[in-house]
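Here's the structure, in structure tokens; my notes come after.
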4 protein chains.
Amino acid sequence: MTPIRQLRADAARNRELLLAAAEDEFAERGLAASISDIARRAGVAKGTVFRHFATKEELVAAIVCEQLDALAEVARSQLSAPDPEVGLVEFLTVTAARQHERDLSFLQAVTQTDSAVTALRDELHALVEQLVGRARDAGVLRSDVTGTDVWVLMCAPIHAVGYVSDPAPDLWRRYLALIFDGLRPDGAHPLPAAPPTWP
Amino acid sequence: MTPIRQLRADAARNRELLLAAAEDEFAERGLAASISDIARRAGVAKGTVFRHFATKEELVAAIVCEQLDALAEVARSQLSAPDPEVGLVEFLTVTAARQHERDLSFLQAVTQTDSAVTALRDELHALVEQLVGRARDAGVLRSDVTGTDVWVLMCAPIHAVGYVSDPAPDLWRRYLALIFDGLRPDGAHPLPAAPPTWP
Amino acid sequence: MTPIRQLRADAARNRELLLAAAEDEFAERGLAASISDIARRAGVAKGTVFRHFATKEELVAAIVCEQLDALAEVARSQLSAPDPEVGLVEFLTVTAARQHERDLSFLQAVTQTDSAVTALRDELHALVEQLVGRARDAGVLRSDVTGTDVWVLMCAPIHAVGYVSDPAPDLWRRYLALIFDGLRPDGAHPLPAAPPTWP
Amino acid sequence: MTPIRQLRADAARNRELLLAAAEDEFAERGLAASISDIARRAGVAKGTVFRHFATKEELVAAIVCEQLDALAEVARSQLSAPDPEVGLVEFLTVTAARQHERDLSFLQAVTQTDSAVTALRDELHALVEQLVGRARDAGVLRSDVTGTDVWVLMCAPIHAVGYVSDPAPDLWRRYLALIFDGLRPDGAHPLPAAPPTWP
DNA sequence: GATGAATGAGTTTTCATTCAT
DNA sequence: GATGAATGAAAACTCATTCAT
């Protein structure tokens, strides 16, 4: 149910409660999180979940949309940063920091077909493309790197940290820096495969 | 059931069939792949799965062990490569190529507690440490990079490719190269967080 | 799920149907009675059983509680019988008669650890103790007999009848009388072992 | 498989091992004891169990037969005791003592239809009838008590002890004595139901 | 709109029994 | 004869989804 029409105040509040609860549950239990648990955590009945989101997939899609939206906001604000390097790095840092708090990146995989998600993803991707373009033009990034390259590496720092058993809370910064160094022009070796096209 | 004693020929065959079928199913459906489907794919009855692997967890552990074993073999052989850079790059390339064929890296997460897996993981980690040490000593890698750093970034190229909808079959090589450039000494920026300890 | 809050009318009805069906199935098939069969007999879906009783154990406990409750009611009413002998005999008779209709005494064994069951069992035991005390003080029972003695012999008549292939419907009365004669003072021989303590 | 023909020495030994293991397992786990566990305990393969006993029921029947046989032996020996009271009491005591060591009485219920069991049961019943007849004729038992009455009460002492949580090891003697007092002539009240017929 | 009871397909796992080795 | 691998019919339990209240 895309909330086209205005929801009653309490319904809108329930929707927010549900999204928050679902994010928490998914972050803790992965996709296996159950609707029951989400409903309980949100303090509403199970039926109410389905009034707001016709299927579990729709709920997931709504969450992903929220996340994409929030990141787009960040990207837009960093697009007007005076320094292109700072803008891009800041964007990647905020992205990773949020993901570190509550990693929901695995929800992307389930929402490949959702059109609302796709639209927002395209939008965010375009913004990343701009951030990357600015940085590349400024000589901050190597010339053979594309926005899509950065897009797909965006989650890598958090993903990498997942292989350490008791990671320091800021370990992801290490891998973000390491990967970013690979994106810089200094000492760049030619890349063995063409950059991916979007979409 | 660790196959300590020799299995009968037909049982050994079924064990292989089951492992192969399970790898396929897990790769396609993730951890949610069902034992029923795995059995069907292997062409045996459900009960046979449990004769070979008492629980689903044990089956997963067996798969992970096989993978770690195979990679350790590769690592050992590359340790005797004359050129340290070639040795490390080759190891990372084979690792990624196999993972690209059938990505089962997500199974690692479920087997943190299995002792056989842990032992093999430590073993492989030690080999990676050596490969990395050789390369760093040879000046191929930046001095502040550790074996564990490389270990956690090992799966990043395939992970990155997962965010592209119709990736070229060798796209992962691009991200392996990009990340590897980040590990090189040229133009290295200081890293903002200490390297993780193992384990 | 202990039904603390009020159940909806239809749910309450299903709960009763389920308890009745379960009692029938358990009486016919023993503890091996399956949840599926119970559900079918109650005319509900399998899942509904688990909505009311989270596990099979919980269902068994609920049944045992009901039985203990009903017997406690009988005991209490007989405690105010003018004649202590009549009170005790009547209690034992009603107990055996019900058990004869549907013997679920074997469920006691599985619920030793359930706290609700334990509490009710203690309660009923205390009532039996009183019934027995009254009777013993009135000279109806031998002086070396305790409430716990009567408690453990309570199910013996029905148990005995179980060894006869085509028992007359009131055969249990014969064994109740025979055992009760053993509890009387006339011709009592000293007992070779101390009475058990409760619990 | 009734062992009509001679078994090879090792086969005969396996049969004994299996019966012993099965008795232990059934005593510990009840009817739910699994053939696998029994085979393991006996130190033979699962298939071997089925070579000796075509079904689980047959195995149970064989055990019951052994027990009935052993008790018949006891009964026969006590039939020639000089004192009828001692003979009967001794028989009931030995019976209860063995059952206390390893209670397999619940296996009776599953073997109502087995013809070998039925024959042996009839035989033992006839012996009990004789023991009881002698005692009754000697004035040790009340005149309205039959062999079948004693037969069905035979397991009651152990059954009663089962309702106590931490029973003293000889508590069963108390209930045997109590029940036996009910069978004595002193202070006997008329019985309310006719004695059961056999079978 | 909200509730929570009911559904039933699906999951992992067990086990008596069969049968190729 | 003995072995132990394979079978497949249950079993207990879960959960997204529907729907009466």
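Order of the sequence lines sets the chain letters (A, B, ...), proteins ahead of strands, with each chain counted from 1. Just so it is clear, the structure is predicted and the values come from calculations on it, not from any experiment.
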Nearest-nucleotide pick for R51(A), side chain only, options being dG4(F), dT21(E), dG1(E): dG1(E)

Selected nucleotide, minimal atom distance to T48(D) side chain, candidates dA2(F), dG8(F), dA5(E): dA2(F)

side-chain contact (heavy atoms from CB on, under 4.5 Å) between I35(C) and F50(C), worked out: CA-CA 9 Å; I35(C) 296 285; F50(C) 291 99; 3.6 Å; yes

A45(C) side chain, from C-beta outward: closest of dG8(E), dG8(F), dA5(F): dG8(E)

Contacting residues from residues 22-44 of chain B, given that a heavy atom lies under 4.0 angstrom of DNA chain E: A33(B), S34(B), I35(B), S36(B)

For atom CD of E57(C) and atom C1' of dA11(F), their distance in whole Å: 15 Å

Atom pair distance, as rounded to whole Å: CZ in F53(A) and P in dA2(E): 12 Å

Selection from dA6(F), dA6(E), dA2(F) that lies nearest to any side-chain heavy atom of A11(B): dA6(F)

Bracket notation of DNA chain E in which parentheses pair within the strand, [ ] cross earlier pairs, and | pairs with another strand (Watson-Crick or G-U, under 3.5 Å): .||||||||||||||||||||

F26(C): ring pair (Phe, Tyr, Trp, His ring centres under 6.0 Å) partners, not counting sequence neighbours: none

Rounded interatomic separation in angstrom, taking CG from D10(B) and P from dT7(F): 10 Å

Spacing of H52(D) atom NE2 relative to dA16(E) atom P, expressed in whole Å: 18 Å

Residue K56(A), side-chain atoms from C-beta onward, closest of dA16(F), dA6(F), dA2(E): dA16(F)

Proximal nucleotide (of dA2(E), dT17(E), dA6(E)) relative to the T55(D) side chain: dT17(E)

R98(D): salt bridge (Lys or Arg N to Asp or Glu O under 4.0 Å) partners, not counting sequence neighbours: none

Proximity to the side chain of K46(B) - top-ranked nucleotide from dT12(E), dA2(E), dA16(F): dT12(E)

Spacing between R13(D) atom CZ and dG1(F) atom C1', to the nearest angstrom: 17 Å

When the side chains of residues 112-120 of chain A are checked against the rest of the protein, which donor-acceptor pairs come out under 3.5 Å, sequence neighbours left out?
{"unit_1": "D114(A)", "atom_1": "OD1", "unit_2": "A116(A)", "atom_2": "N", "d": "3.0"}
{"unit_1": "D114(A)", "atom_1": "OD1", "unit_2": "V117(A)", "atom_2": "N", "d": "2.9"}
{"unit_1": "T118(A)", "atom_1": "OG1", "unit_2": "D114(A)", "atom_2": "O", "d": "2.7"}

Rounded interatomic separation in angstrom, taking CG from N14(B) and C1' from dA20(E): 12 Å

Sequence-distant partners of E66(D), side-chain contact (heavy atoms from CB on, under 4.5 Å), two or more places apart: E16(D), L19(D), E23(D)

CZ/R29(D): more than 12 non-hydrogen atoms of other groups inside 6.0 Å: no

Qualifying residues under salt bridge (Lys or Arg N to Asp or Glu O under 4.0 Å), relative to E28(C), sequence neighbours excluded: R41(C)

Rounded distance (Å) that lies between atom C1' of dT11(E) and atom CG of L59(B): 15 Å

Set of salt bridge (Lys or Arg N to Asp or Glu O under 4.0 Å) partners for R121(D), sequence neighbours left out: none

Check: K56(C) side chain, A33(C) main-chain N or O, donor-acceptor pair, under 3.5 Å: yes

Set of salt bridge (Lys or Arg N to Asp or Glu O under 4.0 Å) partners for R13(B), sequence neighbours left out: none

Rounded interatomic separation in angstrom, taking CZ from F50(B) and C1' from dA10(F): 14 Å

